[in-house]
Amino acid sequence: KTRLLVNCFWPSSHFACSTVLPNWVEEVERVTEGRVTGIIPPKSVAPPPEQLAAIERGIADVAVMFNGFFGDAAVGPKVAMQPFVGSHDAEAMSKALWATNREYFADEIEQVHLLSQFVISPAELYSQTDTPINSLDDLAGRKMWVLPGPLAEITKKLGTGVVSGPAVQSNEIISRGVVDGHLGLDPQAVQAFQLMPYTKSTTKFSGAIYSTSFSVFANKDKWAEISPEDQEAIMSVSGEVLGAAFGRAWNEAAAMAEAAYADAGIEVVDVDPAFETALQEASAFVTEGWLKAAEAAGIDGQGALDFYKSQIGEMTN
Amino acid sequence: MTSSFLTRIIQVLEVLSSIVLAAMMLLTFVDVIGRYLLGAPVFGASEMISTMLALVIFMGLGIANARDKHIVVELFDSRIRALAPGFYDVVVQGFSILSMCLIVYVLFEQAIETAHTGATTIVLEWPLAWITGTVAVLAALSVVSQILGLLTGANQPNKHHLEDV
Amino acid sequence: MTTALIGFAVLFALCFIGFRVGFATLIVGFVGFAMLRGFDASLAMVGQQVFHDSMNYNLSVIPLFILMGVFIVHARISQDLYDAAYAALGRFRGGLALATVLAAGGFSAVCGSTLATAATMAKVAMPPMRNYKYSDRLASGTIAAGGTLGIMIPPSVPLVIYGLIAEQDIGLLFIAGILPGLMLVILFLIAVGITVRRNPMAAPSAPPLEPARRKEAIRGTLPVLILFLVVLGGIYSGAFTATEAAGIGSFGAAVIAVMRGHLLTLGEWRDCLVDATTTTATIFIVLLGAIVFSQFINLSGMPYDLLDLVDEWELSPFQLVIFVCIIAILMGMVFEAIGILVLLVPVFLPALQINGIDMIWFGILVVLVSEIGLITPPIGMNVFVVKSVLPDVRLGAIFAGVLPYIFALVTGLILVLIIPQVATFLPGLMR
Ligand code: NA
Ligand code: NA
């Protein structure tokens with residue numbers, strides 16, 4: 001009998017900790033007929049960037065981590081973090097990422113046993129002035145809060161006045177009128193961080209500017225304790241199934257947040273196709289950089305990228 | 001000899017920590033003023049402040065440890081100490097030193113770990129290994145001053161230093 | 001639950017023997033975690049927690065608000081505060097004691113430490129009360145109790161620490177502390193009134209201030225009022241974060257000190273900065289130890305067991321809160337505010353959250369209870385501080401003197417319990 005200590009780095013009230021992971025634990029207990037159980041501690045046992053170290057050193061047995069925190073140890077899942085590859089459907093993106101993982105970089109992460117990878121709702125572009133942001137010039141001329149990473153690089157290159165910092169601290173900057181817009185938060189985050197009152201409009205892109213992806217993984221020794229049959233049973237409720245559950249939860253949260261736009265007076269503006277094309281071209285360098293990193297890591301980057309997009313396309317049609 | 005060495009350590013720490021804490025105050029002030037009056041906040045100010053916090057804590061610890069300025073539940077301690085003062089002091093102070101050694105050890109471990117992964121701060125992309133390493137060295141120094149404080153008796157008179165408050 | 005209870009028992013034993021509280025919690029937490037997850041895992045956990053919390057941006061308010069308090073003490077503003085308060089309340093019976101309460105409240109508005117508030121007030125309020133033959137009991141008790149206002153009226157270090165543990169916004173907590181703080185000032189004034197009515201001999205009448213001194217004192221308190229309004233107004237309006245408010249506050253306090261002719265030499269600056277630094281280090285040792293210990297409690301199963309216990313006993317959320325408050329009052333007999341917060345709150349956090357308790361309200365309740373703990377025997381830190389500044393006053397007299405204020409605090413606690421709006425009204429306007 002094995003008991004897994006499942007860590008959740010989000011606040012305990014976040015749906016990832018209160019719904020998705022507890023449901024997965026229940027499923028694990030069901031399919032292993034109680035031979036493998038799980039418990040989620042009341043609060044996270046490790047800071048968000050330390051989830052991998054926490055699992056390797058045995059602080060917990062299972063954890064979720066933002067793929068950006070892997071550094072060079074996980075290049076593959078960043079396929080889903082390329083500009084304009086994704087869609088607005090986090091469930092479809094999550095399934096596509098897992099399929100791409102199995103096909104192109106299943107063995108990449110060695111330190112831990114990988115259980116799933118998933119993608120959350122994409123970051124949206126929000127204006128805090130009366131004018132919606134709908135041209136490259138406008139975006140370049142503003143002062144914006146932008147998520148650190150590719151988005152910050154892209155907008156800095158455009159000449160935008162970029163204020164950057166961890167997403168959890170974004171509300172301190174956004175709510176204080178320091179910036180005229182923000183880019184990097186998904187609708188759920190805008191609602192959770194109580195930023196709707198400070199946001200006037202959002203630009204609806206046909207594609208997704210940028211999404212973040214996560215990995216779920218288990219300690220290797222702990223995993224080895226579990227019999228092969230039970231391992232297989234657990235994987236049958238992990239992988240695509242768990243990823244889809246995370247994606248679905250984000251879809252629902254995004255839909256709820258979007259439904260609140262009207263009451264908050266947030267106008268939804270359709271993107272000018274010329275703006276979308278221009279932004280897409282301006283962000284191409286990010287993907288070029290990733291393709292090189294993928295090659296260095298021995299991954300067929302272009303193949304993975306095309307496969308990921310086609311998987312999303314299949315599910316959306 | 002040991003006592004003048006300790007005095008020297010504390011003098012250096014006092015000057016350094018004063019500078020860092022004053023800089024921390026000025027930075028938050030300048031950042032806010034810059035934001036509202038000049039429209040130009042300091043880029044990455046919050047990360048600089050976080051780093052300064054760690055420095056202030058562990059520099060301050062070098063001074064606090066030398067004088068044993070740590071919180072004690074003063075209920076039975078003096079009566080228990082009276083039973084065997086010498087032995088009591090060795091045990092209690094030894095425990096404090098041991099605890100600080102644990103902190104030093106895990107901080108060095110953390111520094112080595114971040115040096116391996118090459119982790120950086122999010123916004124300014126400062127290498128975390130440098131910050132952790134510095135903090136670990138400061139923590140180690142605070143153990144030195146803790147031991148010297150014990151040897152020279154600098155930690156003896158009134159534990160709470162109420163004249164300071 | 002047994003593991004956690006053993007952990008608590010060992011920790012209390014170590015503290016009573018005289019081991020330093022911060023180090024004892026660190027080691028018990030480390031060993032406890034190692035027993036649950038292994039030695040290497042425990043080392044890794046301690047490393048992560050110590051490093052990340054030493055670099056936690058939200059905690060940088062602690063050194064900055066401490067520095068603000070040190071500067072304010074150094075500015076020698078307490079005499080003006082006291083005289084201005086006396087100018088307002090001097091004509092009533094027990095005027096000097098009433099002024100002590102009001103001045104302590106004013107001092108608390110710019111100083112986050114209860115010990116500093118008590119020590120400072122002891123220096124300015126005791127001499128006149130002695131002069132006019134106030135009883136030692138009334139005089140010293142009022143000073144010790146007045147000092148406890150320091151952690152309810154913002155800025156407040158314990159509220160910052162509560163915010164960290166309960167994942168609550170520090171700005172909201174500070175704003176939430178304003179009304180309960182004012183309420184306590186009023187209750188303390190009433191307590192003085194009742195005391196001197198029952199025993200008029202304790203507070204013979206004293207003459208009013210000279211008009212010139214009166215004007216001077218009132219002018220001297222203006223900067224304090226402005227500083228408080230800037231700091232709290234900035235937080236309230238969302239103009240700056242708690243950390244930024246602390247930076248502005250400490251800077252403003254330094255300016256006030258300079259304007260009053262202090263902080264003119266580098267040596268003075270160094271003394272103040274070093275004082276704030278060492279106090280910060282002392283607080284963080286307790287804090288880091290407690291964070292490590294709370295990770296042990298986190299995995300011990302105790303929080304979930306308590307949750308089940310609440311179900312089993314069919315406690316209503318309100319009863320649960322009262323239950324936790326009673327435990328906090330008992331802990332307060334021995335531990336000071338930070339100790340209560342870091343040991344008690346993590347244990348009950350899940351049970352409180354699942355029962356839908358407003359965690360801002362609860363934070364105010366816990367801090368109020370900690371204030372009681374600061375003046376109850378056997379260990380009342382504020383009583384000890386007053387004793388150390390006034391060595392010739394008997395400890396027993398101070399403990400007797402705080403009794404009316406303990407009643408006032410308990411009344412305040414009951415009021416906040418049955419009228420949560422006292423704590424939640426102002427922050428509600430901000431959200
Ligand atoms: Na205060
Ligand atoms: Na007490």
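All figures in this text were calculated on a predicted structure; none of them were measured in a lab. Order of the sequence lines fixes the chain letters, A, B, ..., with proteins taken first and strands second; residue numbering starts at 1 for each chain.
Of the atoms belonging to C/Leu26, it is side-chain heavy atoms, and not backbone ones, that fall under 4.5 Å from chain B. Looking at C/Val274, both its backbone and its side chain come within 4.5 Å of chain B, counting heavy atoms on both sides. The contact between C/His52 and chain B is made entirely by side chain atoms (from C-beta outward), counting heavy-atom distances below 4.5 Å.
Going from atom CG of B/Asp31 over to atom CZ of C/Phe240 covers 11.5 Å, rounded to the nearest 0.5 Å. The distance from atom CG of B/Leu21 to atom CG of C/Asp275, rounded to the nearest 0.5 Å, is 10.5 Å. Taking CG of B/Leu27 as the start and CG of C/Leu64 as the end, the distance is 10.0 Å to the nearest 0.5 Å. Note: C/Phe30 CZ to B/Ile103 CD1 = 11.5 Å, rounded to the nearest 0.5 Å. One distance of note links OG1 of C/Thr280 with CG of B/Leu53; it measures 8.0 Å at 0.5 Å rounding.
Using a distance-only test at 3.5 Å, with no hydrogens or angles considered, a donor-acceptor pair links the side chain of C/Thr282 to the main chain of B/Lys69. Using modelled atom types, no side-chain atom of C/Tyr57 and backbone atom of B/Thr51 make a donor-acceptor pair closer than 3.5 Å.
The aromatic rings of B/Phe29 and C/Phe251 sit parallel, their planes meeting at an angle under 30°, below the 60° perpendicular limit.
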Full working for side chain to side chain contact (heavy atoms under 4.5 Å, CB included) between C/Leu59 and B/Ile57: CA-CA 11 Å; C/Leu59 293 181; B/Ile57 296 170; over 6 Å; no

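Listed by first and then second residue, the salt bridge (Lys or Arg N to Asp or Glu O under 4.0 Å) pairs involving residues 3-21 of chain B are B/Glu14-B/Arg67 (not counting sequence neighbours).
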